[in-house]
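Indexing begins at 1, ligand by ligand and atom by atom, following the structure's order.
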Amino acid sequence: MFSSLNALAPDPILGLIALANKDLNANKIDLGVGVYKNESGATPIMTAVKTAEHNCAEKELTKAYIGPAGPVAFNSGIRELIFGAQHSALQAERVRTVLTPGGCGALRVGAEFLKRCSENATVWVSDPTWANHLPLLSNAGLQLAEYPYYEAGRAGVKFDEMMSALHNVGRGDIVLLHGCCHNPCGADLSEEQWRELTALAAKNGFLPFIDLAYQGFGRGLDEDAYGIRYMAEHLPELLVASSCSKNFGLYRERVGSLSVLGDNPVQSDAALTHVNNVVRGNYSMPPSHGGAIVGEILADSALRQQWQRELTDMRDRINQLRVLLVDKLAAQNVDRDFSFIAQQHGMFSFLGLSVAQVDQLREQFSIYMVGSSRINIAGINQANIDYLALSIAAVLAS
Ligand code: LMR
């Protein structure tokens with residue numbers, strides 16, 4: 001049966017890990033996969049996570065099943081982090097949240113749930129979007145379409161074109177949005193644009209499905225949730241997939257959440273039975289370890305403060321590197337304006353290079369990035385930034 005299979009090409013993002021690991025050049029810079037790295041190029045476990053992990057191990061009394069929705073402490077803590085504890089939708093008990101295996105698990109469970117709600121639904125995704133959105137959504141049987149989003153020339157959002165495309169999207173269809181720190185382009189909607197988009201969703205009746213993979217990495221925990229909170233205040237229904245991979249550094253533990261906002265508590269409860277049923281039919285229930293750590297941090301005020309400080313340090317470092325990279329490139333007298341990098345948010349930005357230039361950076365300079373020229377800003381540090389700017393300038397000049 002397996003003899004008919006041809007080997008697949010490596011995943012466009014994960015494949016870079018193996019490629020970079022094999023490269024022994026001492027000057028190598030890995031700006032590929034979206035993993036936070038500190039000034040020394042390491043991805044250490046956050047101190048708050050280490051302490052919470054210890055506390056959880058001490059407190060845990062059983063390894064019995066936790067059920068498809070996961071632990072209540074995690075679900076309520078993460079819901080309040082995403083929506084804000086005082087949000088009207090939470091006060092009205094309209095939001096139900098489950099723990100999922102990472103943000104990917106949330107996207108996939110959400111997609112299967114949406115397929116049940118709207119058999120022939122199309123999900124509209126931004127052009128471009130995170131490469132893995134496509135299989136996560138289409139493997140659940142949803143059709144995909146694209147709306148214009150990133151304007152390479154301006155390095156910003158083509159909001160008018162996006163809105164005209166979405167004018168034709170109506171009830172029964174879904175629009176996938178990046179809550180903050182757009183992956184891959186780094187260009188986010190402004191608060192005013194979120195409000196305009198919400199008004200369109202209310203008028204047309206399409207369902208926003210928001211992927212919040214980088215809360216806290218852009219402008220701040222509350223600021224990064226602006227779009228979600230505004231939509232939850234003004235729309236009857238919403239779906240939110242969130243990830244704790246980046247903001248808690250829990251990449252390999254696979255911790256995420258799916259929140260369903262219904263029009264009223266009865267509809268939300270009914271929706272939850274379907275979400276739990278999708279989970280049961282996939283992986284039965286989520287692993288508990290990572291969710292327990294996050295639940296512990298969010299419930300303990302000292303740990304929570306410690307975590308927020310560490311998250312702020314990561315965010316500040318990324319934002320400082322953005323400014324520094326712009327300066328270093330300008331100092332190389334490159335014939336291009338890179339100032340947009342300092343205005344964008346989160347881990348990623350496009351350099352705006354061709355595939356051939358990306359290949360040249362990898363082959364000639366051992367600098368690794370996704371083929372679209374997406375760079376992980378957190379992979380830059382004081383020791384490699386001059387070599388990076390010099391190499392980019394050399395490629396642009398060749
Ligand atoms: C990325 O975009 O690099 C990360 O989200 C990691 C992944 O799974 O693709």
So for Arg374 against ligand 1, with non-hydrogen atoms under 4.0 Å, the contacting part is side chain
**Message:** Looking at Arg154 and Glu151, is there a salt bridge between them, counting it only when a charged N and a carboxylate O are closer than 4.0 Å?
**Reply:** yes
**Message:** Is Asn132 close enough to touch ligand 1? Criterion: a residue heavy atom under 4.0 Å from a ligand atom.
**Reply:** no
One finds that the ligand 1 atoms under 4.0 Å from a non-hydrogen atom of Val33 are 3 (O), 6 (C)
Short version for Val370: what comes under 4.0 Å of ligand 1, heavy atoms counted, is neither
- Considering only NZ, NE, NH1 and NH2 on the basic side and carboxylate oxygens on the acidic side, decide whether Arg229 and Glu233 come within less than 4.0 Å. no
Item to check | Lys/Arg N to Asp/Glu carboxylate O, Arg96 vs Glu93, below 4.0 Å | outcome: no
Value for CZ (Arg254) from OG (Ser243), rounded to nearest 0.5 Å, stands at 6.5 Å
task: Check whether any side-chain heavy atom of Phe348 lies under 4.5 Å from a side-chain heavy atom of Ser372, and answer yes or no.
output: no
heavy-atom search around atom 9 (O) of ligand 1 in the protein gives Trp130 NE1, 3.1 Å
So for Tyr214 against ligand 1, with non-hydrogen atoms under 4.0 Å, the contacting part is side chain
Going by the 4.0 angstrom heavy-atom rule, the piece of Lys246 near ligand 1 is side chain
Do Glu112 and Arg108 meet the salt-bridge criterion of a basic N to acidic O distance under 4.0 Å?
yes
Checking heavy atoms under 4.0 Å, the part of Ile13 that sits near ligand 1 is side chain
